[in-house]
Amino acid sequence: MPKLTIDGVEIEVDPGVTILQAAEQAGSEIPRFCYHDRLSIAGNCRMCLVEVEKSPKPVASCAMPVGEGMVVHTKSEKAVKARNGVMEFLLINHPLDCPICDQGGECDLQDQALAFGQDRGRYGEQKRAVKDKYMGPIVSTIMTRCIHCTRCVRFVEEIGGVAEIGATGRGEDTEITTYLEESLTSELSGNVVDLCPVGALTNKPYAFTARSWELRKTETVDVMDAVGSNVRVDSRGREVMRVLPRLNESVNEEWLADKSRNACDGLKYQRLDQPYVRRDGKLEPADWDDAFGAIAQAVDGMSGDKIAALVGDMVDCESTLALKNLMTALGSENTDCRQDGAALDPTVRTSYLFNTTIAGIEEADAILLIGTNPRKEAPILNARIRKRFVAGGVKIGVIGDADDLTYSYDHISDTADALAKIVDGSHPFAQVLKDAERPMLVLGMGALTRTDGVAILAAGHAVAESTGMIVGDWNGFNVLHTAAARVGALDVGFVPGEGGKDTRAILDGAASGDIKVVYLLGADEIDTAKLKDAFVIYQGHHGDAGAHVADVILPGAAYTEKNATYVNTEGRAQLGRRAIFPPGDAREDWSIVRALSERLGKTLPYDSLEQVREKLREASPDFTHIDDVVSADWESFGSAGSIDATGFTYPVQNYYQTDPISRASKTMAQCTQEFVLGKTEKATGTHG
């Protein structure tokens with residue numbers, strides 16, 4: 001390992017490390033614009049120039065590997081003068097936009113101009129002007145500010161896997177643009193805003209609304225998918241202004257999917273801010289006492305087998321537990337959290353987890369995707385698969401539709417029966433899995449929601465055992481969920497009890513009259529037409545599908561408005577924190593259920609959030625390990641059977657509108673028009 005001296009400090013580093021990386025280890029900070037530790041090295045900006053003894057000129061530290069005995073000066077007069085010169089060149093054409101630039105206060109160029117800029121410029125020529133480019137509903141461009149660091153170009157190509165940004169022209173005529181001036185189609189496109197060191201690429205929905213120092217910053221977790229991305233919610237007053245990613249190497253690294261980032265404007269629209277009761281066929285505003293009274297009247301004297309409850313995809317664990325306890329007190333075993341009817345085995349935890357973990361994907365050398373499109377269902381997780389693909393030495397197979405997943409793969413079959421050939425070893429990809437040291441498979445909801453989902457689950461178990469996916473601490477069997485609430489609800493046990501009905505049976509029972517009262521806790525992704533003859537209680541935060549059929553509406557809090565626990569697809573319990581307060585009379589969901597239980601004469605045994613969490617830990621010890629993944633024991637699950645030779649129906653057809661919040665979002669509506677409906681029009685030739 002080479003030894004070198006940086007600013008008088010002798011250090012030993014790994015071979016191939018650059019001077020810039022070595023300087024960080026030595027505690028010396030070197031300014032940079034184009035360098036990013038997750039992107040390839042470009043060496044464009046030259047801001048990281050340092051003095052290396054015996055070198056005739058300053059060296060770009062981001063692109064120069066260290067050498068044995070190298071002596072580096074990062075703060076010498078020569079190095080500082082070189083950076084001053086680079087900064088002067090950068091500012092020749094940069095516009096004086098700081099007072100109106102959305103990057104103001106968070107701008108790398110501002111910060112470094114303070115350290116290396118001059119109080120006046122020596123160039124009197126006119127500044128260069130560049131025409132702004134159209135990059136879609138999420139990214140706003142002011143390209144005159146661009147300093148050609150190419151971070152955006154490298155991100156969309158290397159991380160996003162969609163090479164849609166590039167540089168044209170040379171010298172002063174160089175411009176960063178999308179090819180044919182089309183929109184960015186990557187589900188991760190908003191990350192170029194975070195990467196841009198100046199104000200050339202900014203957040204279009206957030207434009208001209210707030211300054212960074214006006215915002216209250218709250219660290220929480222995202223619930224738009226089951227990845228559980230760590231985010232920071234920036235709010236002003238009672239409004240969420242924007243959502244940004246937080247660093248978590250085990251989950252989302254420092255990236256964030258576009259829906260998680262930009263659907264937050266949906267929190268302002270179609271909100272439920274007071275209780276409603278249906279009278280004479282029309283929903284009318286009411287107070288809490290009237291709403292609880294209507295519910296009490298409906299369930300008075302009713303046997304538990306006539307009552308049912310369904311939990312939605314964005315519900316926190318505390319509220320799920322409270323509703324389960326209330327249903328148990330009412331004598332009902334008709335509870336389910338699987339709105340889509342997925343054939344998951346709630347008795348075996350390893351059967352419904354992403355056991356490899358998201359970070360563990362980087363260790364896999366063979367991956368089999370079954371009935372899942374991770375690019376739409378979990379873009380952050382898909383980026384991790386692409387990262388593994390780019391590193392090389394991995395083979396990927398797909399059973400399902402041959403969609404663009406941003407990486408190459410072997411398309412095994414469109415139909416699910418090909419999985420049986422993997423099980424019996426007759427398909428060549430079975431040997432690929434057997435030869436791999438760390439193989440893994442991913443079962444998606446498109447596979448598990450089929451009528452033969454139980455057989456597919458069992459086949460996944462058989463593949464895992466026959467191909468050596470369960471070895472030591474490596475568990476290659478994975479389920480990719482699409483609902484942020486699903487794993488937590490399964491851990492709590494919000495599934496049918498003995499003799500209880502599941503989602504399909506509850507809906508059929510409501511249609512036939514066997515079920516008289518249905519409690520929907522944020523459940524909107526169901527066939528609500530079957531509930532027209534039942535008494536429906538809807539508790540949620542948006543006037544979505546469930547609210548339209550409700551007889552009583554109880555206004556709850558969205559994920560940014562409550563302290564709550566969520567469990568991601570890995571089984572990692574994480575804490576969400578309140579950024580703003582719910583609107584109007586809306587309340588935290590667990591407290592609504594607790595208050596209702598008292599009115600019904602079935603008072604639940606807790607009065608505070610901490611007491612509810614104590615009951616959570618009693619229900620499942622996994623809730624004691626916040627932010628950690630607790631591995632589950634490998635057991636048998638599923639029920640072997642024949643698998644139909646039919647294709648998959650994927651749960652996410654329109655990535656941008658999958659839940660009440662994103663369906664209420666204007667930004668997501670624009671993305672739907674641009675990327676989903678626009679594609680359809682182009683494909684059919686119907687656009688005018």
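Note that the structure is a prediction, hence the values are computed from the model and not measured.
- At a cut-off of 3.5 Å, with distance as the only test, no side-chain donor of Glu635 or Thr350 sits close to an acceptor on the other residue.
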**OP:** Under the salt bridge (charged side-chain N to carboxylate O under 4.0 Å, His left out) rule, what do Arg578 and Glu588 come out as? Steps first, then yes or no, please.
**Re:** CA-CA 10 Å; Arg578 183 176 60 207; Glu588 294 190 9; 3.5 Å; yes
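- Both cation-pi conditions hold for Arg450 and Phe648: the charged atom is under 6.0 angstrom from the six-membered ring centre and inside a 45 degree cone around its axis.
- A distance of 6.0 Å separates NZ of Lys306 from OG of Ser303, quoted to the nearest 0.5 Å.
- Asp265 contributes no side-chain N or O that, together with a main-chain N or O of Ser665, makes up a donor-acceptor pair within less than 3.5 Å.
- Surrounding CD of Glu437 are at most 12 heavy atoms belonging to other residues, nucleotides or ligands under 6.0 Å away.
- Judged by distance alone, the side chains of Asp234 and Tyr206 never bring a donor and an acceptor atom under 3.5 Å apart.
- With a 4.5 Å cut-off on side-chain heavy atoms, Phe292 and Val552 do not count as touching.
- Using a 4.5 Å cut-off on side-chain heavy atoms (C-beta onward), Phe354 and Met440 make contact.
- Side-chain atoms of Tyr538 and Asp524 include a donor-acceptor pair closer than 3.5 Å.
- Trp255 has its side chain out of reach of Asp194: every pair of non-hydrogen atoms, C-beta onward, lies at least 4.5 Å apart.
- Under the 4.0 Å criterion applied to side-chain N and carboxylate O atoms, Arg232 and Glu254 are not assigned as salt-bridge partners.
- Looking at Arg271 and Asp273, no side-chain N of the basic residue comes within less than 4.0 Å of a carboxylate O on the acidic one, giving no salt bridge.
- Distance check, rounded to the nearest 0.5 Å: OG of Ser229 to CZ of Arg261 gives 10.5 Å.
- Classification of Asp502 and Arg338 as a salt-bridged pair fails, no side-chain N sitting under 4.0 Å from a carboxylate O.
- The number of heavy-atom neighbours closer than 6.0 Å to CG of Asp37, taken from other residues, nucleotides and ligands shown, is above 12.
- Atoms OG and CD, on Ser631 and Glu570 in that order, are 12.5 Å from each other to the nearest 0.5 Å.
- Taking the side chain as every heavy atom from C-beta outward, Arg349 and Asp491 approach each other to under 4.5 Å.
- Between the OG1 atom of Thr356 and the CZ atom of Phe477 there is a distance of 10.0 Å, given to the nearest 0.5 Å.
- Counting only heavy atoms from C-beta outward, the side chains of Asp222 and Val227 never approach each other to under 4.5 Å.
- Side-chain atoms of Pro374 and Val442, non-hydrogen and from C-beta on, never get closer than 4.5 Å to each other.
- Using modelled atom types, no side-chain atom of Asp316 and backbone atom of Met314 make a donor-acceptor pair closer than 3.5 Å.
- Taking CD1 of Ile553 as the reference point, atom CG of Leu520 lies at 10.5 Å (rounded to 0.5 Å).
- Under a 4.0 Å N-O distance rule, the pair Glu187/Lys259 does not qualify as a salt bridge.
- Between the side chains of Gln574 and Asn568, no donor-acceptor pair of N or O atoms lies under 3.5 Å.
- Residue Lys387 qualifies as enclosed at atom NZ: its count of foreign heavy atoms under 6.0 Å is above 12.
- Salt-bridge check for Glu525 with Arg663: passed, with a basic side-chain N closer than 4.0 Å to an acidic carboxylate O.
- With rounding to the nearest 0.5 Å, the separation of CG in Asp336 from CG in Leu490 is 8.5 Å.
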**OP:** Apply side-chain contact (heavy atoms from CB on, under 4.5 Å) to the pair Asn191 and Ile159, showing each step before the final yes or no.
**Re:** CA-CA 10 Å; Asn191 291 288; Ile159 310 296; over 6 Å; no
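- Salt-bridge annotation for Glu219 and Arg577: absent, with no side-chain N of the basic residue lying under 4.0 Å from a carboxylate O of the acidic one.
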